[in-house]
Amino acid sequence: MKVAISELKLPAAGVLVVGAGSGRKLNPSAAAVDKKSGGALQRAMKASRFKGEKGQMLEVMAPAGMKLSRVLLAGLGEQDEIDDLAMEAVGGSAVQKLLTSGETQLTFACDVDAKAAARIAYGAKLGAYRFDKYHTQRKDDAKPSLKTATVSVKGAAAAKRAFAGLDRTGDGVFFTRDLVSEPANIIYPKTLAAACRTLAKLGVKVEVLGETQMAKLGMGALLGVGQGSAHESQLVVMRWNGGGRAKPVAFVGKGVTFDTGGISLKPGPGMEQMKWDMGGAGTVIGLMKALAGRKAKVNAVGVVGLVENMPSHTAQRPGDVVTSMSGQTIEILNTDAEGRLVLADALWYTQSRFKPQFMVDLATLTGAMMVALGQDNAGVFSNDDELTDRLLAAGKAEGETVWRMPLGDAYDKLIDSDIADMKNVGGRYAGAITAAQFLQRFVNKLPWAHLDIAGVAWSEKGRPTVPKGGTGWGVRLLDRLVADHYER
Ligand code: BES
Ligand code: MN
Ligand code: ZN
């Protein structure tokens with residue numbers, strides 16, 4: 001589906017979306033439609049429970065006196081409820097309602113300013129996303145029919161300018177969703193590295209390190225995780241240089257393309273979900289696409305550690321001791337606590353090579369994070385209050401909220417080991433925190449934040465701007481973080 005923006009005008013055909021506020025207060029375009037149709041909207045509202053409240057939607061089929069096939073009346077609520085995210089939800093809900101309806105043309109008649117109109121367009125784009133490439137037998141009636149969503153607004157040129165950047169960020173979100181939704185027989189370390197390489201056409205410099213190079217660097221923690229797999233582990237470095245001589249900002253992602261648990265094998269039910277255990281890497285890759293796509297004035301580094309965690313005769317065992325690139329040794333007590341091992345080396349590599357202003361890592365790191373926060377917040381663990389506050393604010397603005405979790409010496413002690421510098425699991429309690437403490441042992445004195453995205457990388461339900469499947473969570477948040485604070 002294509003998203004277009006044009007000058008405000010009621011369309012002759014197709015579906016028209018118009019707005020109404022609380023108390024059934026029709027917007028000017030809605031009032032015009034109501035008049036033309038001899039009061040069809042007023043009658044429809046009276047016949048229903050539609051009150052114009054935020055999130056409500058009323059569908060009026062083939063109103064008399066007009067050539068429109070339907071009119072959707074979108075509830076906007078009170079004036080002070082109208083913000084960017086509410087506008088996006090209108091765009092996304094309308095598109096989702098009509099995507100497979102048989103309709104081909106959808107027009108939003110927008111009585112709002114250019115920026116709000118751009119958010120409707122953004123919502124329409126994000127909500128129309130599908131990952132359906134493996135459906136080959138769908139009946140025509142079940143296939144998407146909607147071809148174009150047109151945002152019709154006064155001052156279309158300004159709306160187009162406002163949408164241009166969002167459109168590019170949306171492309172980054174889509175890239176992440178695609179990668180996360182792909183099964184693990186298609187996306188494994190080498191093919192995921194190949195996906196990173198496609199960013200070269202946007203001006204991203206991409207380097208791929210294989211096992212030989214990583215062994216030379218001493219990345220025993222990352223390599224240990226991948227040693228049971230037939231697929232070679234990879235480390236990908238992506239660089240977008242749009243910021244002149246400024247110090248780079250750095251993003252590091254856990255890319256476990258499939259997590260069986262290794263020798264500490266996971267139970268069967270639900271194991272298929274572990275195809276999205278590369279979600280952190282997926283977000284970093286999509287973010288790099290967004291930054292390069294909109295030519296962000298920043299120097300950004302994206303590093304992803306790509307491994308497959310498999311049980312086999314070459315797999316690492318519980319009790320093994322590995323040496324990380326930092327020189328610190330790790331006793332592996334559970335081969336299923338593998339994400340932190342991958343990140344340990346990826347974080348160390350990133351800070352030693354690039355000396356960034358800050359590092360943010362993303363990982364589907366612990367089931368314990370899902371137990372703590374569920375699916376509506378990611379956890380943030382950080383050694384820096386300013387970076388944390390900026391992440392909290394960016395998340396709120398983009399609808400990808402994060403909640404701060406604690407770090408501290410008492411938690412850190414829980415991963416001391418009898419035989420090595422640390423062990424890779426804590427105990428029964430505070431599983432998400434001990435995982436974060438582990439990562440912190442690989443961070444030197446620089447601002448760092450760890451986002452545990454286990455609860456938010458995948459969605460079974462779907463929302464207006466986030467269809468079910470890979471969510472692309474974090475691309476918007478981090479793109480916003482960069483735009484608000486780190487572009488020159
Ligand atoms: N990838 C998992 C965490 C996960 C679980 C993400 C469910 C998304 C959904 C991670 O590698 C893992 O297995 N963590 C273990 C750690 C434990 C062995 C200390 C966990 O959370 O159970
Ligand atoms: Mn695991
Ligand atoms: Zn994992």
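Computation of the quantities below employed the complete heavy-atom set of this structure, encompassing side-chain atoms and omitting hydrogens, waters and symmetry-equivalent molecules. Every number for a ligand or one of its atoms is a count from 1 in the order of the listing. Just so it is clear, the model here is predicted, and its values are computed rather than measured.
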Starting from [atom], which protein heavy atom do you reach first, and at what distance in Å?
atom: atom 14 (N) of ligand 1; result: L365 O, 3.5 Å
atom: atom 15 (C) of ligand 1; result: D336 O, 4.0 Å
atom: atom 2 (C) of ligand 1; result: D259 OD2, 3.6 Å
atom: atom 18 (C) of ligand 1; result: N334 ND2, 3.4 Å
atom: atom 7 (C) of ligand 1; result: M274 CE, 3.6 Å
atom: atom 20 (C) of ligand 1; result: G367 N, 3.9 Å
atom: atom 19 (C) of ligand 1; result: V425 CG1, 3.5 Å

- Looking at T169, V95, L166, V173, which hits side chain to side chain contact (heavy atoms under 4.5 Å, CB included) with L126?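 Going through T169, V95, L166, V173 one by one, the side chain to side chain contact (heavy atoms under 4.5 Å, CB included) with L126 is satisfied by V173 alone.
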At a 4.0 Å threshold, what atoms of ligand 1 neighbour a non-hydrogen atom of [X]?
X: K254; result: 1 (N), 10 (C), 11 (O)
X: M370; result: 7 (C), 9 (C)
X: T364; result: 1 (N), 2 (C), 3 (C), 6 (C)
X: A454; result: 6 (C), 8 (C)
X: W276; result: 8 (C), 9 (C)

Hey, is ligand 1 close enough to [X] that some N/O pair sits below 3.5 Å?
X: D277; value: yes
X: R340; value: no
X: G339; value: no

- Query: Does a side-chain heavy-atom distance below 4.5 Å link L192 with T257?
  - Reply: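 Of all side-chain heavy-atom pairs linking T257 with L192, at least one is under 4.5 Å.
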- Item | Note, M405 side chain near M369 side chain (heavy atom, < 4.5 Å) |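 Yes, close enough: below the 4.5 Å cut-off.
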- Message: Is the ring pair H450/W448 parallel, tilted or perpendicular, if the boundaries are 30 and 60 degrees?
- Response: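 Because their plane-to-plane angle is under 30°, the rings of H450 and W448 count as parallel.
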Contact between ligand 1 and [X] is defined here as a heavy atom of the residue under 4.0 Å from a ligand atom; is it met?
X: E338; value: yes
X: R428; value: no
X: M369; value: no

- Is the NZ or CZ atom of K125 positioned over F174's six-membered ring, under 6.0 angstrom from the centre and within 45° of the axis?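 Pair K125/F174 counts as cation-pi.
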- Message: Does the Lys NZ or Arg CZ of R177 fall within the cation-pi geometry relative to Y129 - under 6.0 Å from the ring centre and within 45° of the axis?
- Response: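 Yes, a cation-pi geometry.
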- Message: I need the OD2(D259)-the Zn ion (ligand 3)-OE2(E338) angle, rounded to 10 degrees.
- Response: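 Between OD2 of D259 and OE2 of E338, at the Zn ion (ligand 3), the angle is about 90°.
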- Do T260 and N309 get their side chains close enough for a donor-acceptor pair, meaning under 3.5 Å?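 No, N309 and T260 have no side-chain donor paired with an acceptor closer than 3.5 Å.
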- Message: Checking side-chain polar atoms at under 3.5 Å, does Y188 have a donor or acceptor matched by the opposite partner on E232?
- Response: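 No pair is found: no donor N or O on one side chain lies under 3.5 Å from an acceptor on the other.
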- With a 4.0 Å heavy-atom cut-off (strictly under), which part of Q273 contacts ligand 1: side chain, backbone, both or neither?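 No part of Q273 is near ligand 1 at this cut-off.
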- Task: Please name the pair of heavy atoms, one in F175 and one in K289, separated by the smallest distance, quoted to 0.1 Å.
- Result: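 What the structure gives for the nearest pair is CD2-CD, 3.6 Å.
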- Task: Give a yes/no answer: is there an N/O/S atom of D277 under 2.8 Å from the Zn ion (ligand 3)?
- Result: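 Checking the Zn ion (ligand 3) against D277, an N, O or S atom does fall under 2.8 Å.
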- Task: Return yes when at least one N/O/S atom of K254 is nearer than 2.8 Å to the Zn ion (ligand 3), and no when none is.
- Result: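 Yes, K254 qualifies, because one of its backbone or side-chain N, O or S atoms lies under 2.8 Å.
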Could [X] and [Y] be called an ion pair, given the rule that one side-chain N must be under 4.0 Å from one carboxylate O?
X: R239; Y: E207; value: yes
X: E398; Y: R480; value: yes
X: K266; Y: D336; value: yes
X: K115; Y: D84; value: no

- Between M87 and I82, is a side chain to side chain contact (heavy atoms under 4.5 Å, CB included) present by the stated rule, with each step listed? CA-CA 7 Å; M87 291 291 103; I82 300 179; 3.4 Å; yes
- Query: Is any protein N, O or S atom closer than 2.8 Å to the Mn ion (ligand 2), and if so, which?
  - Reply: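 N, O, S partners closer than 2.8 Å: D259 OD2, D336 O, D336 OD1, E338 OE1.
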- Query: Does K205 NZ have over 12 foreign heavy atoms under 6.0 Å away?
  - Reply: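 No, because the 6.0 Å sphere around NZ of K205 holds 12 heavy atoms or fewer from other groups.
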- Query: What is the distance from atom CD1 of I332 to atom CG of L341, rounded to the nearest 0.5 Å?
  - Reply: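 Rounded to the nearest 0.5 Å, the CD1-CG separation comes to 4.5 Å.
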- Under 3.5 Å, is there a donor-acceptor pair between the side chain of Q351 and the main chain of N444?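 Yes, Q351 side chain to N444 backbone: donor-acceptor pair under 3.5 Å.
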- Query: Would a 4.0 Å cut-off, counted as strictly less than, catch a protein heavy atom around atom 11 (O) of ligand 1?
  - Reply: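 Looking at atom 11 (O) of ligand 1, one finds that a protein heavy atom does lie closer than 4.0 Å.
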